[in-house]
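Below, chains carry the letters A, B, ... as their sequence lines are ordered, and counting in each starts from 1. This structure is a prediction, so every number in the text was calculated from the model and none was measured.
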There are 2 protein chains.
Amino acid sequence: MSTRQRILDTALDSFGTTGVDGTSLDALARDLGLRKQSILYYFPSKVALFQAVIDEAAATFIAELDEIVLDARDVWEQVEGTVRVVFRLAVRRPALLGLLREASRPGSTVAVQLTSRLSGHIEAAQHSLEIALKEGRVRGEDARLLLFSLYSTIMGVATEVEVLRAMGIEPSLRSLAERRAELLRFLRVALQPV
Amino acid sequence: MSTRQRILDTALDSFGTTGVDGTSLDALARDLGLRKQSILYYFPSKVALFQAVIDEAAATFIAELDEIVLDARDVWEQVEGTVRVVFRLAVRRPALLGLLREASRPGSTVAVQLTSRLSGHIEAAQHSLEIALKEGRVRGEDARLLLFSLYSTIMGVATEVEVLRAMGIEPSLRSLAERRAELLRFLRVALQPV
DNA sequence: GTCGATTTCTACCAATTGGTAGAGGCGGCT
DNA sequence: AGCCGCCTCTACCAATTGGTAGAAATCGAC
């Protein structure tokens with residue numbers, strides 16, 4: 001793997017767990033077995049590196065979502081696909097979810113950049129939700145609120161892994177799968193029209 | 001108000017919005033019209049200050065919750081009370097919610113402290129949820145997952161304010177009240193037994 | 001007024017931060 | 001060999017970080 005890509009990968013992990021402010025270029029270079037000047041050779045500044053990491057993270061996130069969600073035939077399949085993607089990321093790349101949270105924090109300069117990057121996907125999801133609402137296939141009123149609720153519920157439950165880890169409890173894959181199944185049941189019931 | 005209390009207040013706002021790493025004692029002192037040495041007079045170190053802030057934040061949060069939630073007669077009143085408290089905090093003290101997120105981030109040293117501080121309330125809520133589940137007054141299976149889902153949903157929607165602000169949109173109080181009402185409808189439907 | 005405690009100040013400090021300048025290694029190409 | 005472009009290095013820098021030492025100011029009590 002190219003040095004540039006290695007830097008992006010390690011930076012994502014570090015930014016996602018320790019935070020951007022909590023990650024120094026020195027520490028990052030140490031993890032890579034390099035000097036920080038080599039990092040600054042590939043990326044002109046730290047914020048440039050952060051933006052590149054965000055860009056790549058958003059790209060992979062969208063790619064994973066698109067692959068599963070876009071060719072879903074109804075809203076429920078979209079929800080199911082999103083849950084699958086987010087949980088897979090929570091297991092395989094927990095730092096990515098942490099990074100998304102970090103970047104969407106108010107005051108972050110890249111928040112705008114990230115949301116504009118994701119806005120296409122968000123609007124598409126909202127649109128298909130609105131249609132489903134209008135046709136009565138989904139229970140609810142405001143598509144935007146529904147979307148936010150779904151998103152925050154999924155993210156919250158998925159990041160429960162991290163919270164548990166922070167409390168010193170290592171969650172098993174089995175318990176994670178159970179939680180995912182329960183979350184799906186919960187969402188199905190919540191979405192089902194009366 | 002005492003200087004010590006002023007420091008705690010300003011620190012909460014700063015830590016909650018800019019983050020702990022993103023807040024220097026110098027900047028904090030500047031906001032207070034002091035020198036940072038005066039801060040270090042009241043709190044021996046920065047992490048000591050952070051812990052004090054967390055402690056106070058958790059205390060107010062719990063106090064607000066207890067006041068409304070504990071004398072609720074059924075689970076639905078508890079949920080309604082929690083939503084009311086969180087939304088009120090999102091309007092009056094948005095930094096507090098940001099701080100709670102910051103502190104519950106994995107890798108944070110105070111995460112354990114915070115959760116142990118809240119654990120009493122969490123267990124009480126989980127307990128009453130379990131009873132409601134057993135008696136069939138609430139639809140669901142795992143009380144713990146249900147609790148997490150409720151919590152993350154409420155938090156997510158409440159912090160939508162911050163996300164919108166980060167996108168440059170100032171949400172009106174009216175729209176916030178609407179969202180709260182919609183969230184309550186959403187939760188009521190999701191909890192109602194069949 | 002003055003004593004003593006509480007509080008806030010000036011003056012430093014070592015360590016770390018992100019970032020610059022430029023030398024040298026390394027490979028392939030002619 | 002010699003050159004060149006790519007990469008990584010050493011050496012350094014100004015600014016900022018959290019924190020210390022101790023001098024002044026401020027205060028109420030007597």
>> I'd like to know if the side chain of A:Ser14 and the backbone of A:Thr10 have a donor-acceptor N/O pair within less than 3.5 Å.
In response: no
> Who are the side chain to side chain donor-acceptor pair (under 3.5 Å) partners of B:Thr82, not counting sequence neighbours?
Replying inline: none
> How far apart are the C-alpha atoms of A:Gln5 and A:Asp9, what are their side-chain angles, what is the distance that settles it, and do they pass the side chain to side chain donor-acceptor pair (under 3.5 Å) test?
Replying inline: CA-CA 6 Å; A:Gln5 192 57 45; A:Asp9 273 20; 3.2 Å; yes
>> Can you measure A:Leu34 atom CG to D:dT10 atom P for me and round it to whole angstrom units?
In response: 11 Å
> At what distance, to the nearest 0.5 angstrom, does CG of B:Asp74 lie from CD of B:Glu80?
Replying inline: 9.0 Å
> Does A:Thr3 make a side-chain N or O approach to OP1 or OP2 of D:dC7 shorter than 4.0 Å?
Replying inline: no
>> Output the rounded distance in Å from CD1 (A:Ile7) to C1' (D:dC7).
In response: 11 Å
>> Treating primed atoms plus P, OP1 and OP2 as sugar-phosphate and everything else as base, which nucleotides of nucleotides 17-24 of chain D get B, S or - for protein heavy atoms under 4.0 Å?
In response: SBBBB---
> Does the distance from a Lys or Arg side-chain N to an Asp or Glu carboxylate O, for A:Glu64 and A:Arg92, drop under 4.0 Å?
Replying inline: yes
> Whole-Å distance between C:dC9 C1' and B:Arg35 CZ?
Replying inline: 8 Å
> Cluster question for you: counting only ILVMFWY and a side-chain heavy-atom cut-off of under 4.5 Å, with indirect links fine, are B:Ile122 and B:Ile131 together?
Replying inline: no
>> Please confirm whether the shortest side-chain N or O distance from A:Tyr41 to OP1 or OP2 of D:dC7 is below 4.0 Å.
In response: yes
